[in-house]
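So the structure is just underneath, and the comments pick up after that.
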Amino acid sequence: MPDVNAHSVDAVSVKSDNSLEPLTTLRLGGKASTLAVVSETRELVDTVRGCGGSAEPVLILAGGSNVVIGDDGFPGTVVLLRTRGVREIARRADEVVLRVAAGEPWDGFVADVVQRGLSGVECLSGIPGSAGATPIQNVGAYGQEVAETIVAVHVYDRETDRVVEMPAAECGFAYRTSVFKHSARWVVLEVDFQLTAAAESVPIRYAELARRLGVAVGDRVPLDQARDTVLKLRAGKGMVLDRDDPDTWSVGSFFTNPVLDADAWDGLRGRVGADGAEPPSWPAGDGAVKVPAAWLIERAGFHKGYAGDGVAISTKHTLALTNRGTGTTGALLALAREIRDGVHDRFGVLLHPEPVLVNCAL
Ligand SMILES: Cc1cc2nc3c(=O)[nH]c(=O)nc-3n(C[C@H](O)[C@H](O)[C@H](O)COP(=O)(O)OP(=O)(O)OC[C@H]3O[C@@H](n4cnc5c(N)ncnc54)[C@H](O)[C@@H]3O)c2cc1C
């Protein structure tokens, strides 16, 4: 199994010319005006504070696995986050609260808690990047989201120049988003996760995972079995970083799954036509439904391996746009635009990008 953190959070290869490309999983992006590597939480606050109020451009970069950085780079200070540390801060009956430094490699943390017999994040195995970035888009996979285990996020607030604790209820967690996403106001310093001492996983909610485990949805399985099976499923889709496999040189899913209200859902079904297969969907609350972006993309004519200029849809996963080694951010975004517009023309549904676009636009 490839080391999911090998490319990014652990192995820092900072070039003297401030190139950002080796610091992202897409291997794309120009240069930063200034690049500062921080390994202590206090240093992180001081560095960001030193950049002035929230108007001054600062980019916090950790694993670089959810950013698309423009070919012109970043006209400001990039703070490369390499803080480390996990400590237990509370234990009540079976519940344990762990405070995790923002720069801690996420999958190393998941492996460690699974090994220690703590459940709550096992289905989030194999996701690249840092623990501190998980609240930014409420990281989720295989029926689990970090919003289910995060109890508080400790942030530096650039607007008030204060370090504050934000309880989960203030974080605005929703599907692949939070108050932190697309905001320059907060720097996540540490995250508190509440996990449960248990030999078994939380109930498996994702049908594909349950099938692979040979259990029913709602069943529990040994923690390490849940982790291993998720890692295998992810690897088969190129969703585990592998420095030798360009199918993994991506930001994971490039588009979120669209959430449609009742009218939009009726409109989509009308466009598919009576002879077409009904699009798969899941209830998303208040009468809305979530539709898989991959289904729409494939039926709009964009198949695995569909290529642009040095970039392509992964040969393993329709939702992953990849750099084949000679791509540019411009080419990646051109491919993304072609797919977005093709889906819109065919189905009337507008796809939105999941990663944060830095100094570039779709
Ligand atoms: C192969 C692959 C598979 C993936 N699979 C999944 C998946 O299953 N589910 C999922 O949800 N995501 C997935 N992702 C996306 C990505 O791994 C996650 O979003 C991850 O949490 C990003 O972490 P990072 O440290 O790399 O963040 P970065 O890319 O460094 O940063 C992402 C954004 O968060 C901001 N940010 C990062 N750290 C901080 C901080 N401490 N304070 C303030 N802002 C911060 C950055 O400024 C940027 O805007 C995948 C990516 C890849 C490449």
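Each ligand, and each atom within it, is numbered from 1 in the order the structure gives. Sequential numbering from 1 along the given sequence is applied to the chain's residues.
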Does even one non-hydrogen atom of Tyr142 get within less than 4.0 Å of ligand 1?
no
Measure the distances from the heavy atoms of Arg234 to every atom of ligand 1 and state whether one is below 4.0 angstrom.
yes
Min N/O separation Gly64 to ligand 1 under 3.5 Å:
yes
Mind listing the side-chain donor-acceptor pairs of residues 209-220 below 3.5 Å, one per line with the distance, residues two or more places apart or on another chain?
residue	atom	partner	partner atom	Å
Asp219	OD2	Ala216	N	3.0
Arg220	NH1	Ser201	O	3.3

Heavy-atom distances under 4.0 Å decide this one: backbone, side chain, both or neither, for Val358 against ligand 1?
neither
Output the list of atoms in ligand 1 that are nearer than 4.0 Å to some heavy atom of Ala102, sorted by atom number.
41 (N)
Under 4.0 Å from a heavy atom of Leu61: which atoms of ligand 1 are those, numbered in the order shown and with their elements?
30 (O)
For ligand 1, note which part of Ser130 has a heavy atom under 4.0 Å away: side chain, backbone, both or neither.
both
With respect to Ala62, determine whether any N or O atom, backbone or side chain, lies less than 3.5 Å from an N or O atom of ligand 1.
yes
Sidechain N-carboxylate O distance under 4.0 Å for Arg227, Asp224:
no
Check Asp71 with Lys31, please: is the shortest side-chain N to carboxylate O separation under 4.0 Å?
no
Per-atom contacts, ligand 1 versus Gly129 - under 4.0 Å to a heavy atom
23 (O), 24 (P), 25 (O), 26 (O)
Between Asp157 and Thr160, is there a side-chain donor-acceptor contact under 3.5 Å, judged purely by atom types and distance?
yes
I need the atoms of ligand 1 closer than 4.0 Å to a non-hydrogen atom of Val356, numbered in the order shown.
49 (O)
Taking only Lys NZ, Arg NE, NH1 and NH2, and the carboxylate oxygens of Asp or Glu, determine whether Arg42 and Asp46 approach each other closer than 4.0 Å.
no
I need the contact type for Trp186 against ligand 1. Using non-hydrogen atoms and a strict under-4.0 Å cut-off, is it side chain, backbone, both or neither?
backbone
Using a strict cut-off of 4.0 Å, indicate which atoms of ligand 1 neighbour a heavy atom of Val187.
42 (N), 43 (C)
Is it the side chain, the backbone, both or neither of Asn66 that has a heavy atom closer than 4.0 Å to ligand 1?
both
Under the 3.5 angstrom rule, does the side chain of Ser178 hit a backbone N or O of Asn138 as a donor-acceptor pair?
no
Number the atoms of ligand 1 from 1 as they appear, then name those within less than 4.0 Å of a heavy atom of Leu59, with their elements.
47 (O)
Would you say CG of Asp161 has more than 12 non-hydrogen atoms from neighbouring residues, nucleotides or ligands within 6.0 angstrom?
yes
If the cut-off is 4.0 Å to any non-hydrogen atom of Leu81, which atoms of ligand 1 fall inside it?
41 (N)
I'd like to check which ligand 1 atoms, numbered from 1 as shown, lie under 4.0 Å from a non-hydrogen atom of Thr25.
53 (C)
